[in-house]
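The structure under discussion appears below in the form of structure tokens.
Basis for what follows: all heavy atoms, side chains included, without hydrogens, waters or symmetry-related copies. Just so it is clear, the model here is predicted, and its values are computed rather than measured. Proteins come first, then strands; the chains are lettered A, B, ... in the order of their sequence lines, and each starts at number 1.
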Amino acid sequence: MKIATWNVNSLRARADRVEAWLQRSDCDVLAIQETKCKDENFPWELFENNGYEVAHFGLSQWNGVAIASRVGLDDVERTFPDQPVFGKNGKDPVQEARAIGATCGGVRVWSLYVPNGRALNDEHMPYKLSWLETLKNHAQGWVTADPETQIALMGDWNIAPQDEDVWDIEYFRTEGLTHVSEPERAAFRAFEDAGYQDVVRPHAPGPGVYTYWDYTQLRFPKKEGMRIDFVMASPALSSRVTGAVIDREERKGKGASDHAPVIVELAD
DNA sequence: ATGGTAGGATGCCTA
């Protein structure tokens, strides 16, 4: 079985790319982030025509997460329990469309779009950190309750956990940028402490291996990227992993998302 | 030279 995660940065703008990728990737499950649409604009037939069931959670033109599967799609859950709310200037707080879970082929899959902190002193940063801590607390509880449970927390984490996960850590430090700060990295490590493993890195080691390249500044041709998309697997799922690939080819050419798909292969 | 790109309810906000 092959499971994958991909921040597509607008499903409607990327429909042809996503369909072609589904047809050539041979993936059984795809966790999608940044669909950037509501259900009424979701391209349901794209998935149905290619043999996938799909569940979507989108509230507006922002965020939006989905799971497509050809090995079953059961017990769909929109938002994780107690998912923190966010409201600009404290107004109209809402649980944003950043998490959807479903059971696919015996694996509890979560498609996650972790909030972008924007800046170290921005109000989005404490939101990001509490969002992660709340998710971690529940994820820890799921494994404690059933040590054999197979869970994949996958998506765009908006964190570069190690210095090698950005092209120039000194640039990030000098500019005071997000994604590499100690609180963000501690939030990521907390998932590891709870038993979840980054199952891609051992099969796609750095340095210089990334999942995201900014559209600006010629970041992709200059190989200046970031590793911020992860598949964090519970212990029982980790032991099934036989390989992993970051599909850097998909970042090439006109009309690419700024993120590459990340694929994990599981033993039967 | 303080730029560049790409998406969205586009002439501004988000990444």
Spacing between [X] atom [atom1] and [N] atom [atom2], to the nearest angstrom:
X      : N      : atom1 : atom2 : value
A/N9   : B/dT5  : CG    : C1'   : 10 Å
A/Y171 : B/dG4  : OH    : C1'   : 11 Å
A/K128 : B/dA15 : NZ    : C1'   : 12 Å
A/K36  : B/dA6  : NZ    : P     : 12 Å
A/R12  : B/dG7  : CZ    : P     : 12 Å
A/H179 : B/dA15 : NE2   : P     : 10 Å
A/M125 : B/dA15 : CE    : P     : 12 Å
A/K252 : B/dA6  : NZ    : P     : 17 Å

Per-residue pairing states of DNA chain B in dot-bracket (Watson-Crick or G-U under 3.5 Å; . unpaired, | other strand) read ....(((.....)))
Q: Go through the structure and list residues passing side chain to side chain contact (heavy atoms under 4.5 Å, CB included) with A/W62, not counting sequence neighbours.
A: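 Partners of A/W62 under the side chain to side chain contact (heavy atoms under 4.5 Å, CB included) test: A/S60.
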Determine the Euclidean distance between corresponding [atom1] atoms of [M] and [N]; express it in Å to zero decimal places.
N     : M      : atom1 : answer
B/dT5 : B/dT10 : C1'   : 15 Å
B/dG3 : B/dG8  : C1'   : 23 Å
B/dA6 : B/dA1  : P     : 26 Å
B/dG7 : B/dT2  : P     : 25 Å

Between [X] and [Y], does any side-chain N to carboxylate O distance fall below 4.0 Å?
X      : Y      : value
A/K252 : A/E249 : yes
A/R70  : A/E53  : no
A/D168 : A/R173 : no
A/D214 : A/R219 : no
A/K38  : A/E40  : no

If you round to the nearest 0.5 Å, how far is CG of A/L30 from OH of A/Y52?
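One gets 7.5 Å once the value is rounded to the nearest 0.5 Å.
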Exercise. Can you list, by residue number, the residues of residues 209-223 of chain A that have a non-hydrogen atom closer than 4.0 angstrom to DNA chain B?
Worked result: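 Going residue by residue through residues 209-223 of chain A, the ones with a heavy atom under 4.0 Å of DNA chain B turn out to be A/Y215, A/T216, A/Q217.
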Checking [Y] against [X]: is there a side-chain donor and acceptor pair closer than 3.5 Å?
X      : Y      : value
A/Q83  : A/T134 : no
A/N9   : A/K36  : yes
A/E184 : A/S181 : yes

On DNA chain B, compare the nucleotides closest to A/H259 and A/G255; which residue's is nearer the 5' end?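 Its nearest nucleotide being more 5', the pick is A/G255.
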Worksheet item: Mapping A/S10 and A/E34 onto DNA chain B by nearest heavy atom, which one lands closer to the 5' end?
Response: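 Result of the comparison: A/S10.
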Below the 4.0 Å mark, does B/dG7 have OP1 or OP2 next to a side-chain nitrogen or oxygen of A/R14?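 Indeed, a polar side-chain atom of A/R14 lies that close.
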